[in-house]
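To start, the structure under review is shown below, and the notes come after it.
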Amino acid sequence: MARAYDVTQVEKKWQQRWADEGTYEVDADDPRPPSYVLTMYPYPSGPAHMGHVRNYTFGDLLVRHRTMLGQAVLSPFGFDSFGLPAENAAIKTGTHPRIFTDARIDELKESITSLGAVYDWRREIRSHDPEYIKWNQVIFQKLLASGLAYRANAPVNWCPGCQTVLANEQVLADGTCERSGDIVIKRDLEQWFFRITKYADELLAGLDDLDWPERVKTMQRNWIGRSEGAEYDLVVEGRDGSDGREPLALRVFTTRPDTSYGMTYAVVAPEHPMVDELTTPEHRSDVDDLRKRAAASTDVERMSESGAASLAKRGAFTGSSVVNPFTGGAVPVYVADYVLMGYGTGAIMAVPAEDTRDWDFAQAYGLPVVRTVQPPEGWDDEGGPGGAYTGTGEKINSEWLDGLDIPTAKARAIEWLESEGIGERTVNYRLRDWLVSRQRFWGCPIPVVYCADHGIVPVPSDQLPVLAPDDVEFLPTGESPLATSAEFLNTTCPECGGTATRETDTMDTFVDSSWYFLRFTDPWTADLPFDPEIAGHWMPVDQYIGGIEHAILHLLYARFYTKALADLGLVPAGLREPFARLFTQGMIRMDGKKMSKSKGNLVAPSSYLTTVGADALRLFHLFVGPPADDVDWTDQTDSVIDGCGRYLDRVWRLAVPGDETVAVPRTGELTGEDVAIRRATHRLVDRVTRDYERWSYNTAVAACMEFVNLLQPYVRADPNGEVADEAVDSLLLLLAPMTPHLAAEAWERRHGDHIHLHSWPVADPELAAEESVTMIVQVNGKVRDRIEVSPTLSEQEAEGLALASPAVVDALAGRAPKRVIVRPPKLVNIVV
RNA sequence: GCCCGGGUGACGGAAUGGCAGACGUGGUGGACUCAAAAUCCACUGUCCGAAAGGGCGUGCGGGUUCGAAUCCCGCCCCGGGCACCA
């Protein structure tokens, strides 16, 4: 596409200028009000893709806009540079991950810069940088010292493809690995955890005050999964202690203690520690079979077998019974894999009448049903819905709870349990502690050693960072490659000097990304990860921008880390939330699928940079639709991008003096047309300013296009010089955050100075005020006339004008108005 | 199953109670040109009509209102998230 100006030369020139002049470098002592705009730091996978372009366009626009609004905008950039792709490349090609990663970073950095996105590069972070590793390890040790990091043996998620364990958050709903797609299996391993559950309540409550997309908050709420209920003991029949044996009770968790009278059996998870004790000899083989099957099956298999039909093979009777404390009656105890050891107490009271899973199981095993909530009429009739009833209703078959509503009955039941000492009110969370160990090389080493005498000993701070050695075998063995380096593995105990071995696991890369935004505020302090005061100056991030895919993982971990660091005194105690506002932009789709490397449907931004240029590509991303919406990349997209380039050419011709299509300007008295252009200019400033504030960039661009459509014939005919200059200058200022290169170059040619150092234009409401507006006149809601009226028209005048309109007289055809709705100056509606 | 979004011309979208379809893409016609490109101008929801003009029209069915793409109720479809969590 032939262009009106040398796009490449202009864009390179300004990218160089912004870097050389440090235009977007700010410090904490800057007198302007601080603002922190952050785009999620990327994993460096090579040159930027279209998703990056979209992401960084929004971020860059905000940085430039806020700077023009007079704020000191902190705009740092860094790289989430630890991770599996580099290690997999090392396994494949033998290139060291560091060399591989640094090369990818150079490519990404270069392509980000060529978009015209500006950052304070002095603050650049790479997670694999030894300085960053050191502070990562210091923080780990502080978490360890405070009990927030701990080592435990637990059934963990193992991804055979990645040859490492995964956090719960990294396992998808279908039981596969979010990264490799392999089916995740369970393994019992000794691993490191962060005690995120300690903050479950705060993580939940804190969401209320965040200016985040509602769906992200909902996803986090669901993930934390708080549920209130009660735990109580079911005494095992014959084991109440009266025969001299140790009393034995099964503790269950329920959110519906009000339904206790409907308990017709109890269930324990296959992994429950009491299974052996509960199982009688004649049921031993059934129970053992079930436990074996449960242990061998993956979550995928378990879930594929859900439904009443397959429930029969998923449970077994233990032969024991427990006593329902409410009724005093005994009910049988089953083992079934629909009860999970990891939630609540791993045992439940089963109420088939009011729980669908219990209902299905009871059907399969012929267990009785006792309703404790009155279902709606017809529920149990022939042809009625039948089954478990989980809705509201009056309590029945529940003795002293009868007639109550469910919430009241719940409260009464808990009061009774507590007064009898049988149980108590409890809160359960779905959220599990964060498993941070990874059996991989390319990550931050966990800075502890194991000593036979002293157990787990942190590596002394003067020996940090613990860095991975280069002499390792990059083979995916299921054990960290670090374990293959004898030099690394064997060390001495800092406590006693005796022989010790190092921890060879590395940290989940989500640890790195849980505090990088804090390090950005002060990456220079020598004796701390960052100065708490300076962090407090910039934090929280005023606007965080990223993809929806991080709705749970990164955003939840970063929130946890911020709270933990605040409690450890590393950031001001009052800083409880890292990201005040979050924006999640839509993804780029092609052929209905997300555009990504793995799907093989990438469109490279670089090809556009050399043809239409960065400004046109940026403008396209802003113009194509609301920022939060997905973008469909179609056959038409190139035409739209060309259209954006065409628009910029028109702006160039209007703005750069010496173009023969601009008429010689006139001075003196303003004509009606001059006033109209001036009004349009001020209205544009007002409208675009408001559109920026509400993230409506697509309409802001549309308004600018509309303005050029109006302005172009004006400057080509007989323009007033002052009016035309004000129009063009205002337009350039409004475009400056969107298409920075064009705006900067055109402005420099017009005025000789730097547009991005100018302040944002302000509309004069008087000049923007319309002289006349179009009033719609309707008869019975149908438009019959349009009348030009003064904006300050009175109701009487409006009605008079409307009734006098020939078109209205025509439409009324002699009928008398029944009612006249007058909304001056917009509308009159005559009802007959 | 549950929880969010969303459904408007050929296409991306605009309008959040008051002129539906701004702006752009595509299309059609025209100006300029020897010609093409570029540029500029006009038209472009649908039906009836030569035109003037009029009817219809925002997934479907109802409702509220002088007035509904917009608010309410019910349904259909599409996208996303969650899901043996007791």
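Convention: sequence-line order gives letters A, B, ...; per-chain numbering from 1.
- Nucleotides rG57(B) and rC48(B), compared at atom C1', are 15 Å apart to the nearest Å.
- Using a 4.0 Å heavy-atom cutoff across all strands shown, Arg694(A) reaches sugar-phosphate atoms only and no base atom.
- Between Glu706(A) and Arg687(A) there is a salt bridge, since a side-chain N of the basic residue sits under 4.0 Å from a carboxylate O of the acidic one.
- Comparing rA36(B) with rU28(B), their P atoms sit 15 Å apart, to the nearest whole Å.
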Stepwise side chain to side chain contact (heavy atoms under 4.5 Å, CB included) test for Val335(A) and Val267(A): CA-CA 5 Å; Val335(A) 182; Val267(A) 187; over 6 Å; no
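- When heavy atoms are screened at a 4.0 angstrom cut-off, Gln636(A) is found touching base atoms of the nucleic acid.
- Of the C1' atoms belonging to rA83(B) and rC4(B), the separation is 15 Å, rounded to the nearest Å.
- At whole-Å resolution of the value, CZ in Arg716(A) and C1' in rA31(B) are 14 Å apart.
- Contact annotation: Arg650(A) side-chain N/O to rC40(B) OP1/OP2 distance is under 4.0 Å.
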Candidate pair Phe361(A) and Tyr265(A), rule ring-ring contact (aromatic ring centres under 6.0 Å, His included), full reasoning: CA-CA 10 Å; Phe361(A) 191 82; Tyr265(A) 61 99; 5.6 Å; yes
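- In rG6(B) the O4'-C1'-N dihedral to the base is more than 90° from 0, which defines an anti nucleotide.
- Comparing rC41(B), rA22(B), rG24(B) by their closest approach to the side chain of Gln712(A) singles out rC41(B).
- Among rC19(B), rA86(B), rU25(B), the nucleotide with an atom closest to any side-chain atom of Asp355(A) is rA86(B).
- Per the geometry, CG belonging to Asp258(A) stands 14 Å off P belonging to rA86(B), to the nearest Å.
- For rC56(B), the OP1/OP2 oxygens have a side-chain nitrogen or oxygen of Lys782(A) closer than 4.0 Å.
- Taking a pair to require two hydrogen-bonding distances under 3.5 Å in either a Watson-Crick or a G-U wobble arrangement, rG24(B) pairs with rC11(B).
- Pair assignment for rA50(B) gives none, since no Watson-Crick or G-U wobble pairing has each distance under 3.5 Å.
- Among the atoms of the strands shown, only primed sugar atoms or phosphate atoms (P, OP1, OP2) are found under 4.0 Å from some heavy atom of Arg215(A).
- Nucleic acid contact for Arg226(A): none, since no nucleic acid atom lies under 4.0 Å from a heavy atom of the residue.
- Using a 4.0 Å heavy-atom criterion, one finds that Gln778(A) contacts the bases of the nucleic acid, with or without backbone contacts as well.
- Pairing partner, rG1(B): rC82(B), with both Watson-Crick or wobble hydrogen-bond distances short of 3.5 Å.
- Look at CD on Gln220(A): it is 14 Å from C1' on rC82(B), rounded to the nearest Å.
- Closest to the side chain of Thr774(A), from the set rA86(B), rA15(B), rC19(B), is rC19(B).
- For Met590(A) and rG79(B), the CE to C1' distance is 19 Å, given to the nearest whole Å.
- rA38(B) is unpaired under the Watson-Crick or G-U wobble criterion, no partner having all donor-acceptor distances under 3.5 Å.
- Checked by distance alone, Arg819(A) brings no side-chain donor or acceptor within 3.5 Å of a matching partner on the base of rC66(B).
- Nucleotides rC43(B) and rA52(B) are separated by 13 Å at their P atoms, to the nearest Å.
- If you run side chain to side chain contact (heavy atoms under 4.5 Å, CB included) between Arg256(A) and each of Thr372(A), Ile406(A), Asp355(A), only Ile406(A) comes through.
- Across the P atoms, rC40(B) and rG79(B) are found 41 Å apart, a figure rounded to whole Å.
- Rounded to whole Å, atom C1' of rC40(B) lies 16 Å from atom CG of Leu711(A).
- Considering only side-chain N and O atoms, Asn698(A) lies nowhere under 4.0 angstrom from the phosphate OP1 or OP2 of rA22(B).
- Position along RNA chain B of the nearest nucleotide to Leu827(A) versus Arg432(A) favours Leu827(A) as the more 5'-ward residue.
- The residue among Glu214(A) and Ile348(A) whose nearest nucleotide of RNA chain B is located toward the 5' end is Glu214(A).
- Nucleotide rA86(B) holds its C1' atom 17 Å from the OH atom of Tyr429(A), rounded to whole Å.
- No engagement by Asn780(A) is indicated, since no non-hydrogen atom pair under 4.0 Å with the nucleic acid exists.
- Residue Asn829(A) is classed as a base contact, given a heavy-atom separation below 4.0 Å to a base.
- Look at Glu424(A) and Arg251(A) and you find a salt bridge, because one of the NZ, NE, NH1 or NH2 atoms lies within 4.0 Å of a carboxylate O, short of that distance.
- Contact annotation: Arg823(A) side-chain N/O to rG17(B) OP1/OP2 distance is not under 4.0 Å.
- rA69(B) is unpaired under the Watson-Crick or G-U wobble criterion, no partner having all donor-acceptor distances under 3.5 Å.
- A sub-4.0 Å separation between OP1 or OP2 of rA86(B) and a side-chain N or O of Ser227(A) is present.
- A donor and an acceptor atom, one from each side chain of Ser260(A) and Tyr232(A), are located under 3.5 Å apart.
- Closest to the side chain of Arg430(A), out of rG81(B), rC82(B), rA14(B), is rC82(B).
- The side chain of Arg784(A) sits closest to rG55(B) out of rG55(B), rU39(B), rU25(B).
- Applying the Watson-Crick and G-U wobble criteria (two distances, each under 3.5 Å), rU64(B) pairs with nothing in any strand.
- For the pair Arg646(A) CZ and rA38(B) P, the interatomic distance rounds to 8 Å; values are reported in whole Å.
- Glu770(A) and Arg683(A) are joined by a salt bridge, as a carboxylate oxygen and a charged side-chain nitrogen come within less than 4.0 angstrom of each other.
- The only member of Leu290(A), Leu278(A), Leu367(A), Val339(A) that meets side chain to side chain contact (heavy atoms under 4.5 Å, CB included) when paired with Tyr334(A) is Leu367(A).
- For the C1' atoms, the distance linking rA22(B) with rC32(B) amounts to 30 Å, nearest Å.
- When the P atom is used for both rU46(B) and rU58(B), the distance is 15 Å, rounded to whole Å.
- Using a 4.0 Å cut-off between charged nitrogen and carboxylate oxygen, Arg646(A) and Asp642(A) do not count as a salt-bridge pair.
- Contact annotation for Pro626(A): backbone-only contact, meaning every heavy-atom pair under 4.0 Å involves sugar-phosphate atoms and none involves a base.
- For the C1' atoms, the distance from rG81(B) to rG67(B) is 38 Å, rounded to whole Å.
- In this entry the distance linking CG of Leu619(A) with C1' of rC23(B) reads 11 Å, nearest Å.
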